[in-house]
Structures are given as C-alpha cells and as structure tokens.
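Source: prediction; values computed, not measured.
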Amino acid sequence: MVLAGYQPDVYAYNVLVNGLSNFGKINVAIGLLKGMVQRGCEPNAVTYNIIMDALCKDKLVVEALHLFSQMRIKGISPDVITYNSLIHGLCKLGKRNQVLALLNEMVGHNISPNVYTFSVLIDSLCKEGMVSEAQNTFKIMIQRGVEPDVVTYTSLIGGLCISDLWKEAMALLKEMVGKNISPNVFTFNILIDTLCKNGKVSYAQRIIKIMIQGGVEPDVVIYNSVMDGYCLHNQIDKARKVFELMVTNDIFDVFSYNFLINGYCKCKRIDEAKELFDEMPQKVLVPDTVTCNIITFATLLYGLCKEGDLDEVLTLFKAMEKIFRDMEEGGCLPDGYCYNVIIQGFLRHGYLPKASELIDEMVEKGFCADDNTTELVVHLLRNDDPILRILQNHFEAPKGVNFK
DNA sequence: CTAGGGTTAG
C-alpha cells in the first residue's frame, strides 16, 4: 500500500494493531503505534485501547498504565472502553485501591460506568469470594439505571454457587427470566452442578425442565453433573440409570465413564467399575482423550488399592506401563497424581520395593510426593521399617519429624 | 478497529 503511494489511515493501522495484538505480537503492535506517528498518521483512542487491553490480558498493567498516561499527554481522551480494560486488568491482579481510584477518575471525567464495568467488578468480587459485596454492586448498578445482562447474571449466579448460596442463585435465575434475559447453557449448568453437588438432584431436574421449556437443550455436561450428583450421594444405581439413558441417546464422554467408575470404586463395587473401564476402548478411547484415560486408570487403581487386590493392581499397572510407553510418542505422560495414587497403593499393602522403584521414576520425571504419600512414608518410618531407608532421600522431613 | 461471564473428573 505504502509502495503504491497510498497512506494508510488510522482505521487501516488499527486493523493491523488489532491483528498483531490478537496473535500475541504486542511489541510489534507497539512498534506500529510509534511508526504510524512517524508516517504522519495519528493514533486514536481505539489504537490505544487495543494495545492496552492486550497488555492488561497479559497482566502487564503497569505497561498499560504507562500508555494510558502517554495517550493523555497527546490529548487523546480515554473512553469507557479504556477504563474498562484497565479496571479488568487491575481486578485480576487484586489491586482494589487502584480500581477504586480509576472508577472515581472516570466518573470525574463524566464517563459513566456501563454494564461491562459493573460486570467486571461483580465477577471479580465473586471470584474473590466476596459475594455480598458483589450483590451490593449489583444493586448499585440497577439503582444507577444500568441494566444487568446475561453476563452479569451468569457471573453473580456463579458467585452465589461458589458460596453454596443456591437458593439465592435460583432466585436470581427466576429474576432474569422474569426480565426476559435468557439464561444460556452455561448459566444453567453452573446452577445445576451446584444443586447436584448439594444433593438437590430433584431441584436440578426441575431446572432442566425449565431449561428445555426455554428452548435450551441439556448437554453432556448437564447429564454428567446429574450423574456425579447421584454418585456423590451414594445413589450409584440412580447414576447408572442416567448413564444408560445417556448411552442410549449417544450423549456421553470420558467424563461420564470417569464419574461412574469413580462412583463404583467409592462404594467398593470394583467389578462393575472394571467392566465399565473395559468397555471404554470400544466407545470413547480416541487419541485426544488420552489424558483422561490416565485419570481413569488412577481412579480404578485407587479403588483396587483400597480393596487390597494387589495382584490385580500389578496386572493393571503392567498394562498401564505399556500404554504409557505408547503415549510417550504422542507426548502424553502419566501425571504426578497418577504416580502418587499408585505408590500409595503399594505402600499400604507392603510392596515396598515396587513403591521405591516407582518413586524413583516419579522423581526422575519431575513429580513430587504429595501429602498423602509423604504421610504414609513417615508413618512407616516411625515403625522403623529398614526398607524405607531406601525411600528417605525422596522426602523432606515435615516439621517435627526426624528421619534419622 | 477496541471492553465483561462461561459449566463436569482422580
């Protein structure tokens, strides 16, 4: 464009700056910001907003604030988007005082906080567990004539759920529906999952009905939550019924299997857990879920270890080792959780050499013993087991424990 | 051309 003798205007530059920022090339975008001035094109608020927002999303709020002062020196007025980006960035860093200062500043410049501003504030308060403050902010917003939308409601409902205030969350759902603000599948899922975890599966079923009436179809996540809700509250057979319904409708995934396997392991119905595990390859074991397969192995082994069926554990572990090697090529390895669970199984049942060998392997791969593993080793050490000296090097002594 | 939320597991 330049070679052909055309001068890009500020819109053209902004498109480029935006593209570069979206691809993480913020430094190149900043270079362009300087370059455009040299070529006689003045940046506008949008140019600065794009770069400042990208910086804030990279937690580089200090750099964003530097640009903020530069734009004002140039006489370019910040707008509500400028402030929202900065406030969002500062909220994520927990800089409450600076957030309040900016809010005051924007109001002082006659820039009113809008639904984005309030949503950011409410979401941030919710995530910090300050739900009542979030509720207050919500009230203030309405008082000031700023209408909450689906984003604001979803954030606040999520916050209430985190604090187990599901009755308040339900009330809020009703309120938004009454205002003709349609909840989406995420709004429903957050609520349904909380209800299920609290053992209120029948409430959850009611919400699912409301949801279907509202034209939102339950997805696999919803069914999984309901199933896990039953598992968590010792109603494995109800969970099984949901699962079978899911399989019939072809709505299931690795999560579904993992929940149910976990449920069976927890109520010691290991045979059924193993049966489910065995049928997975025909149904869901596709390459992009290999990580989840590991989790499933761990879950299954956890159940077997607790049962003390060590022969079976060893058989499975050998099968697993083979799969691990196959996975290595795909870059998918067992994680620390997996190692710890298996090691604990061996420790509990006296297979100390195998435990030692696995700890070596785990440490070699950069994973650490977790609290449970450490506790088991310490317990065995207190009983003065000589074999455990082999293990000592792998653990730092917790306070008050002397390995020697 | 620019800003907010987003759900399930060991």
Side-chain angles (χ1 to χ4, degrees), chain A residues 8-22 29 43-54 56-57 78-89 91-92 113-124 126-127 148-159 161-162 183-194 196-197 218-229 231-232 252-263 265-266 289 291-303 334-342 344 370 372:
Chain A
D9 64 6
V10 66
Y11 279 78
Y13 276 108
N14 286 351
V15 171
L16 268 175
V17 166
N18 189 42
L20 289 164
S21 299
N22 283 337
N44 59 16
V46 176
T47 325
Y48 279 97
N49 287 350
I50 295 166
I51 296 175
M52 283 166 55
D53 188 63
C56 285
K57 290 204 164 83
D79 58 15
V80 65
I81 296 180
T82 322
Y83 281 102
N84 286 346
S85 290
L86 288 171
I87 288 169
H88 190 204
C91 277
K92 277 192 294 188
N114 62 12
V115 61
Y116 283 79
T117 325
F118 282 107
S119 295
V120 164
L121 295 174
I122 288 166
D123 186 61
S124 165
C126 285
K127 288 197 169 114
D149 61 12
V150 61
V151 175
T152 328
Y153 274 104
T154 303
S155 283
L156 191 51
I157 287 173
C161 285
I162 289 171
N184 57 29
V185 70
F186 294 105
T187 322
F188 282 114
N189 282 358
I190 291 167
L191 197 45
I192 288 166
D193 186 58
T194 307
C196 291
K197 284 200 165 64
D219 61 7
V220 67
V221 178
I222 298 233
Y223 285 115
N224 283 342
S225 288
V226 172
M227 219 181 65
D228 194 41
C231 287
L232 290 172
F252 63 91
D253 59 12
V254 184
F255 277 71
S256 323
Y257 273 91
N258 290 343
F259 281 134
L260 201 56
I261 289 171
N262 189 37
C265 284
K266 282 199 169 136
T289 56
T291 319
C292 298
N293 302 343
I294 294 167
I295 292 163
T296 307
F297 263 119
T299 308
L300 188 59
L301 284 164
Y302 178 72
D335 63 10
Y337 186 92
C338 206
Y339 273 106
N340 274 289
V341 162
I342 299 161
Q344 283 161 35
D370 66 16
N372 291 332

Within the modelled atom types, does a donor on one side and an acceptor on the other bring the side chain of [X] and the base of [N] under 3.5 Å apart?
X	N	answer
Asp149(A)	dG4(B)	yes
Asn114(A)	dA3(B)	yes
Asn18(A)	dC1(B)	no

### Task
List the atom of Ser21(A), the atom of Ala29(A), and the distance in Å for their closest heavy-atom pair.
OG-CB, 3.8 Å
### Message
Looking at every non-hydrogen atom in both residues, tell me the closest pair between Lys57(A) and Lys92(A) and how far apart they are.
### Response
CA-NZ, 4.0 Å
### Message
Let me confirm one number: the OG1-CG distance from Thr47(A) to Leu16(A), rounded to the nearest 0.5 Å.
### Response
11.5 Å
### Query
Do the side-chain N or O atoms of Lys92(A) get closer than 4.0 angstrom to the phosphate oxygens (OP1, OP2) of dA3(B)?
no
### Query
OP1 or OP2 of dG6(B) sitting under 4.0 Å from any side-chain N/O of Lys127(A)?
yes
## Note on the structure
Taken to the nearest whole Å, CG/Asp123(A) to P/dA3(B) is 16 Å
### Gap between atoms NE2 and P, on His88(A) and dG6(B) respectively (whole Å)
8 Å
### Task
Could you say whether the aromatic ring of Phe186(A) and the base of dG6(B) stack, counting only centre distances under 5.5 Å and plane angles under 30°?
no
### Query
Only one of Asn114(A), Asp53(A), Asp79(A) forms a side chain to side chain donor-acceptor pair (under 3.5 Å) with Asn84(A), so which one is it?
Asn114(A)
### Query
Choosing from dG4(B), dA9(B), dT2(B), which nucleotide comes nearest the side chain of Ser119(A)?
dG4(B)
